[in-house]
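Taking it in order: structure first as structure tokens, then the write-up.
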There are 2 protein chains.
Amino acid sequence: MTNSHVTEKAGSRETETAILEAARNLLAEGGLDALSMRAVAAQVGLSATAIYHWFEGKEDLVDRVVAHGFQRSEAYMRKSIEHIPAGSMERVSALGEAYIRFALENREYFKIIFAIQTPAPRHMEDVPGQGGYRVLRECVVEAMEAGNMRKTEPDIVVLYLWSLVHGLVTIFMACDPQDLLAETGCCEGLDERELTIGLFERFRDVVRIGLQPVEVTKGGPR
Amino acid sequence: MTNSHVTEKAGSRETETAILEAARNLLAEGGLDALSMRAVAAQVGLSATAIYHWFEGKEDLVDRVVAHGFQRSEAYMRKSIEHIPAGSMERVSALGEAYIRFALENREYFKIIFAIQTPAPRHMEDVPGQGGYRVLRECVVEAMEAGNMRKTEPDIVVLYLWSLVHGLVTIFMACDPQDLLAETGCCEGLDERELTIGLFERFRDVVRIGLQPVEVTKGGPR
DNA sequence: GGCGTTAGGTTAACAACGTTAAATTAACGT
DNA sequence: ACGTTAATTTAACGTTGTTAACCTAACGCC
């Protein structure tokens, strides 16, 4: 070994960790296009091919980066609701907002989850925290048991809520609907984050009414 | 010119069209990874660099493919609702289902809309049919005017519905939640399309209650 | 001490990619 | 015949992910 850069840092797993960290940083700063094996290697002070000792290939490296991101997002969401009473709709709502905030604060990472062309869809059980599904489901179940949400299959409700926040963020990352919303006056002077979260708050009434316990809607037009 | 392949087909715009068609076919069959300039050129019977006469570069080619896909999706959706009475919630619902069907029938194309790392989000006004936004807004406005949906800013409702179907499709394309749904018994023996549409139908009650006109919910817990 | 083995790298090379620039050819108008 | 234009090809470049051969230090064993 001739490279003193690595001599100082090398340990049994420290190189692997350094590679992952370099990959994450490159992704965060420059997106997927910036994430090349040569760029990662340069950051760590190795040759590009040294990475193949620790990872199967680029796809493996990216998968590992993604998995770590899933862990961080779950931790982020759990932290954002830990001070809110269990069983409340406020907790469910705060989770939705946390999902959006995490995505917007980690947009490059968030993008690649759904951008990467895997041969088959990921199995959710293999994903850390199930992509946020687990914590959302806990909150939904609690709200149902507390009588604050109508009782139905929790998984359907979880998918409904998840689809909603996920769709909102995804659309905003790909398209700029500000010109569409100009008439509503709700986007003036707001940056993307404020607008996205503001829209989510506008959705909350619809969601809350749609999910309120059945007793209240019995006299409805059904 | 030595290539008889092109001699037969060349016209002032026929080459351009052939290139676009080849790109679409490659994308549909093999996804974004299969879409290289050399592969497209081989399909048309040209050298890879001939494409640069017609397109600025690969990005331009893909943008054109995407724009065409947007047009097709709008036409698909308009066709799917043309026999359903205007102003009805059924029409809104059918639109959501059509969005999902189009996405699942054109998954590779659908994926690249949101996978492509554009420098900035697309301006919706620049997108043909505004990505489906326009036709959905028309239906929402009609439903509100007919008294079948509560009156509020149409654009908020449109974004709510769009986020929902878009999120559902996007999640399903990236993840496989079947193992999560095993307990609910709603996914047995169903393929992806049936499952996705089945879930969308399960969402409809929530959506309909959440969007019903205000008079009915006045006595609610608000 | 010599040898074989292993871990963690480097180097050399390859195929494929998107792209630029120069060269070529056919068609047209004067 | 000549100049111009459109539509291509060819040659070449830099970049990418990757494979395989090679290198070196460290270790354990005889």
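Just so it is clear: chains get the letters A, B, ... in the order the sequence lines come, proteins before strands, and each one is counted from 1.
- Taking the side chain of H53(A) as heavy atoms from C-beta on, and the options dG8(C), dT8(D), dT10(C), the nearest nucleotide is dG8(C).
- The CD atom of E14(A) sits 15 Å away from the C1' atom of dA7(C) (whole-angstrom rounding).
- The side chain of W54(B) approaches dA7(D) more closely than any other nucleotide in the set dA7(D), dG9(C), dT9(D).
- Taking the six-membered ring for Trp and thresholds of 30 and 60 degrees, F110(B) and H166(B) have ring planes inclined between 30 and 60 degrees apart.
- Among the atoms of the strands shown, only primed sugar atoms or phosphate atoms (P, OP1, OP2) are found under 4.0 Å from some heavy atom of L35(B).
- Looking only at distances, a side-chain donor or acceptor of S163(A) sits under 3.5 Å from a matching main-chain atom of L159(A).
- A donor-acceptor pair shorter than 3.5 Å cannot be found between the side chains of Y76(A) and N106(A).
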Between protein and nucleotides 19-24 of chain C, map the contacts as a letter string: B base, S sugar-phosphate only, - none, heavy atoms under 4.0 Å, written 5' to 3'. BB----

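- If you check dT30(C) for Watson-Crick or wobble pairing at under 3.5 angstrom, you find it paired to dA1(D).
- Taking atom CZ of F55(B) as the reference point, atom C1' of dG18(C) lies 15 Å away to the nearest angstrom.
- Summarising the geometry, the separation between CG on L32(B) and P on dC17(C) is reported as 13 Å, rounded to the nearest angstrom.
- Atoms CD1 (I51(B)) and P (dG18(C)) sit 9 Å apart, rounded to a whole Å.
- Listed for the Y109(A) side chain is a donor-acceptor partner under 3.5 Å among the backbone atoms of G69(A).
- For the pair R64(A) (side chain) and L20(A) (backbone), a donor-acceptor distance under 3.5 Å is absent.
- Scanning all heavy atoms of the two residues, the minimum distance from L32(A) to L27(A) falls at N-CD1, 3.8 Å.
- S36(A) comes within 4.0 angstrom of the backbone, heavy atoms only, and of no base.
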